[in-house]
Colleague: 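Take a look at this one; I'll ask things after.
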Amino acid sequence: MIAAGYIGKGDLKSAVSIYEKIKILKPSNPEIIQTIALLYEGLGDLNSAIKTLLEFPDSLKNVDIYNRLGTLAGKSRNHLDAIKYYRQAYNYDTTNVLTLIGIGTGFDILNVKDSAIYYYELALKYSDSNDLRKRLLDLYGDTEQYEKIIRTARGILRIDYYDAYVRRSLGFALYKLGLFDEALSEFLISAGLNPRDDYSRFYIARINLEQRRYDEAEKAIEDAIKINPDFTELWVYAGFIALDKKDYKTARYYFTEAAYHNADMSQIYYLLGATCELDGAYTDAYFYYKKSLSLNQKSPAGLSALANICDRIGKKDEALRTFEKIIQIDSTDATALNYVGYTYAERGEKLDYALELIEKALSIEPNNGYIIDSRGWVYYQKGDYNSALIDLKRASELVEDAVIFEHLGDVYLKLNEYEKAIEMYNKVLNLDPKNKSVKHKLSNLKGE
């Protein structure tokens, strides 16, 4: 009665001291032990609450006690202990919903997503909680289980047709599976249900952009930006729409706005470089690609873009060095392997190394005519004209390209097959009428 009086006055500390005296008189009384634990919890002393519950005799511990221990451990952020207690509860009852959700929550907080999903799914066998299903939607998205998102979302929508969040999740899964029309329908419903849904409008824009419906894409982006101008990807995708429309000035504006709204500057410099390159401003593109790489030195996309622009503007040595960096980062980049190998072949240097690189590129892209041409040119430089002829003939069958035809003509010239050489050189001039080198070769062959 004295303890109850203290509780009524809100003096929980005094109540605890009285109940501790009672526990000395009745050490195994479960009600007294649970009351003390509740009082400690009310005081915010979670560790003492846990310690008190652990004093229960093993013969009296049950599912409820272990679930309570799991809850207290979770509240005190000892999630491994929480899982341990809930698992002890699970040993008593494998169908207890609180136990299953407790284990799942512990794994969820620890970011062990597969285990969290497993126990949440078990809990749903004995529960009809839409909140739990919604949490699973997020976890299925994180683990790319899009079919499960669709199945779960449609189950929820049969009960709550107007749940905008679930509609949006369903749209995302459909989008990821390439079902764009169905995804667009879900995002449109979600956006209609929630006027502040910038995420759905973002995907409405993405889908319309991919379907080249630019007006619809622009409207969705503009609506989303009005809702949340700090949603960086909106500005980036607005830039993509402008790029697709070849409106490079507007694209630069949107990418600059993305930078203002805290976008990744390495990405923004890269996109500005790509915009300048598409607009024919190659020197500016080179500048922006260099800026991008100064912030992210190992970006494969940035290195590839820089290497290609260097080749285009005549910075051949820098292009070679950059492609060599790409190979160091990704030894399976066929384009880089081919470029380095072909460059050394053109220079007549490191021919064995060049052949090794090109062979590796061909193991990745065996039917790439340009890479086959590169190997043929290595053989040519090594004086193996018969091997060169085999490769270059095959390359010319795969790709109609002036350089390949010229290489093939040069091989025929070495093999003294002059008529075939002339035929190849004429093919070059059909594709590249201003080719002075080939014109000179033809003149020599014709004795002019």
Colleague: Are S76 and N78 close enough, and set up right, to give a side-chain hydrogen bond (donor to acceptor under 3.5 Å, both in side chains), and what steps lead you there?
Modeller: CA-CA 6 Å; S76 59; N78 295 319; 3.3 Å; yes
Colleague: Under a 4.0 Å threshold between the charged nitrogen and the carboxylate oxygen, would D352 count as salt-bridged to K382?
Modeller: yes
Colleague: If only atom types and distance count, is the side chain of D373 paired as donor or acceptor with the main-chain N or O of G369 below 3.5 Å?
Modeller: no
Colleague: Please round to the nearest 0.5 Å and tell me the distance separating atom CD1 of I156 and atom CZ of R167.
Modeller: 11.5 Å
Colleague: Regarding D311 and K316, does a basic nitrogen lie under 4.0 Å from an acidic carboxylate oxygen?
Modeller: yes
Colleague: Please work out which of the three classes, parallel, tilted or perpendicular, describes the rings of H407 and W377, given edges at 30° and 60°.
Modeller: parallel
Colleague: For E417 and K393: C-alpha separation, side-chain torsions, deciding distance, then whether salt bridge (charged side-chain N to carboxylate O under 4.0 Å, His left out) applies.
Modeller: CA-CA 14 Å; E417 296 188 40; K393 283 178 71 175; over 6 Å; no
Colleague: Hey, are the side chains of I327 and D333 touching, using non-hydrogen atoms and a 4.5 Å cut-off?
Modeller: no
Colleague: Distance-only, no hydrogens or angles: does the T99 side chain make a donor-acceptor pair with backbone N or O of T95 under 3.5 Å?
Modeller: no
Colleague: Stepwise, does the salt bridge (charged side-chain N to carboxylate O under 4.0 Å, His left out) test hold for R133 with D128?
Modeller: CA-CA 9 Å; R133 287 190 176 92; D128 195 31; 3.0 Å; yes
Colleague: For the side chain of S185 and the backbone of D181, is there at least one donor-acceptor N/O pair under 3.5 Å apart?
Modeller: no
Colleague: Could you tell me whether E359 atom CD has more than 12 heavy atoms of other residues or ligands within 6.0 Å of it?
Modeller: yes
Colleague: At their closest point, which heavy atom of E406 faces which heavy atom of V428, and how far apart are they?
Modeller: N-CG2, 3.4 Å
Colleague: Could you give the distance from CD (E121) to CG (L132), rounded to the nearest 0.5 Å?
Modeller: 9.5 Å
Colleague: L170 versus I150: any side-chain heavy-atom pair under 4.5 Å?
Modeller: yes
Colleague: Assess the pair Y86 and Y66: is the distance between their ring centroids shorter than 6.0 Å?
Modeller: no
Colleague: Can Y418 and N416 be counted as having a side-chain donor-acceptor contact under 3.5 angstrom?
Modeller: yes
Colleague: Tell me, please, whether Y165 has K134 positioned over its six-membered ring: NZ or CZ under 6.0 Å from the ring centre and within 45 degrees of its axis?
Modeller: no
Colleague: Do R394 and N367 touch side chain to side chain, with heavy atoms closer than 4.5 Å?
Modeller: yes
Colleague: Would a distance-only check, ignoring hydrogens and angles, find a side-chain to backbone donor-acceptor pair under 3.5 Å from K113 to Y140?
Modeller: no
Colleague: For C310 versus Y286, what's the shortest heavy-atom pair and its separation?
Modeller: SG-CE1, 3.6 Å
Colleague: Say you draw a straight line from CG of L337 to OG of S331; how long is it, rounded to the nearest 0.5 Å?
Modeller: 7.5 Å
Colleague: Keeping the roles fixed (side chain from D401, backbone from V403), state whether a donor-acceptor pair exists under 3.5 Å.
Modeller: yes
Colleague: Going from CG on D410 to CG on L415, what distance comes out if it is rounded to the nearest 0.5 angstrom?
Modeller: 11.0 Å
Colleague: Looking only at heavy atoms, what is the nearest atom pair of D284 and C276, with distance?
Modeller: CB-SG, 3.8 Å
Colleague: Salt bridge or not between K226 and D198? Use side-chain N to carboxylate O under 4.0 Å.
Modeller: no
Colleague: With sequence neighbours left out, what residues match Y214 under side chain to side chain contact (heavy atoms under 4.5 Å, CB included)?
Modeller: L209, R212, I241, D244, K245
Colleague: Hey, is the main chain of P300 close enough, under 3.5 Å, to the side chain of S304 for a donor-acceptor pair?
Modeller: no
Colleague: Tell me the closest heavy-atom pair linking A263 and T232, and the distance in Å.
Modeller: CB-CG2, 3.2 Å
Colleague: For atom CD of Q297, decide whether the heavy atoms of other residues, nucleotides or ligands shown that lie under 6.0 angstrom number more than 12.
Modeller: no
Colleague: Has W235 got a side-chain atom pairing as donor or acceptor with D230's backbone, closer than 3.5 angstrom?
Modeller: no
Colleague: Are there more than 12 heavy atoms of other residues, nucleotides or ligands under 6.0 Å from atom OH of Y126?
Modeller: yes
Colleague: Any side-chain heavy atom of F187 within less than 4.5 Å of one from R206?
Modeller: no
Colleague: Determine whether a donor-acceptor pair (N or O, by modelled atom type, separation under 3.5 Å) exists between the side chain of D330 and the backbone of I326.
Modeller: no
Colleague: Between Y199 and Y203, is the gap from one ring center to the other below 6.0 Å?
Modeller: yes
Colleague: Are any of the side-chain heavy atoms of L243 and L278 separated by less than 4.5 Å?
Modeller: yes
Colleague: Output the distance between atom OH (Y270) and atom CG (L303), rounded to the nearest 0.5 Å.
Modeller: 11.0 Å
Colleague: I'd like to know if E324 and K350 make a salt bridge, using a cut-off of under 4.0 Å between side-chain N and carboxylate O.
Modeller: no
Colleague: How long is the gap from CZ on F202 to CZ on F231, to the nearest 0.5 Å?
Modeller: 5.0 Å
Colleague: Quick check: are there more than 12 heavy atoms from other residues, nucleotides or ligands sitting under 6.0 Å from CG of N91?
Modeller: yes
Colleague: Checking the side chain of T71 only, and the main-chain atoms of N67 only, is there a donor and an acceptor separated by less than 3.5 Å?
Modeller: yes
Colleague: Would you check if the distance from the ring center of Y385 to the ring center of Y380 is below 6.0 Å?
Modeller: yes
Colleague: Quick one: are E400 and F405 in side-chain contact, heavy atoms under 4.5 Å?
Modeller: yes
Colleague: Is there a donor-acceptor contact under 3.5 Å from the side chain of R87 to the main chain of I103?
Modeller: no
Colleague: side-chain hydrogen bond (donor to acceptor under 3.5 Å, both in side chains) between Y162 and N194: does it pass, once the steps are laid out?
Modeller: CA-CA 10 Å; Y162 297 103; N194 181 5; over 6 Å; no
Colleague: With a 4.5 Å limit on heavy-atom distance, are the side chains of R347 and L320 in contact?
Modeller: yes
Colleague: Would you kindly say whether Y289 and E277 are connected by a side-chain donor-acceptor distance under 3.5 Å?
Modeller: yes
Colleague: Can you tell if the side chain of L445 reaches within under 4.5 Å of the side chain of L413, non-hydrogen atoms only?
Modeller: yes
Colleague: Below 6.0 angstrom between ring centroids: does that apply to Y237 and F240?
Modeller: yes
Colleague: Heavy atoms only: give me the nearest I50-L72 pair and the separation to one decimal.
Modeller: CG1-CB, 3.6 Å
Colleague: Per the side-chain contact (heavy atoms from CB on, under 4.5 Å) rule, which among L136, V97, I101 passes with L124?
Modeller: L136
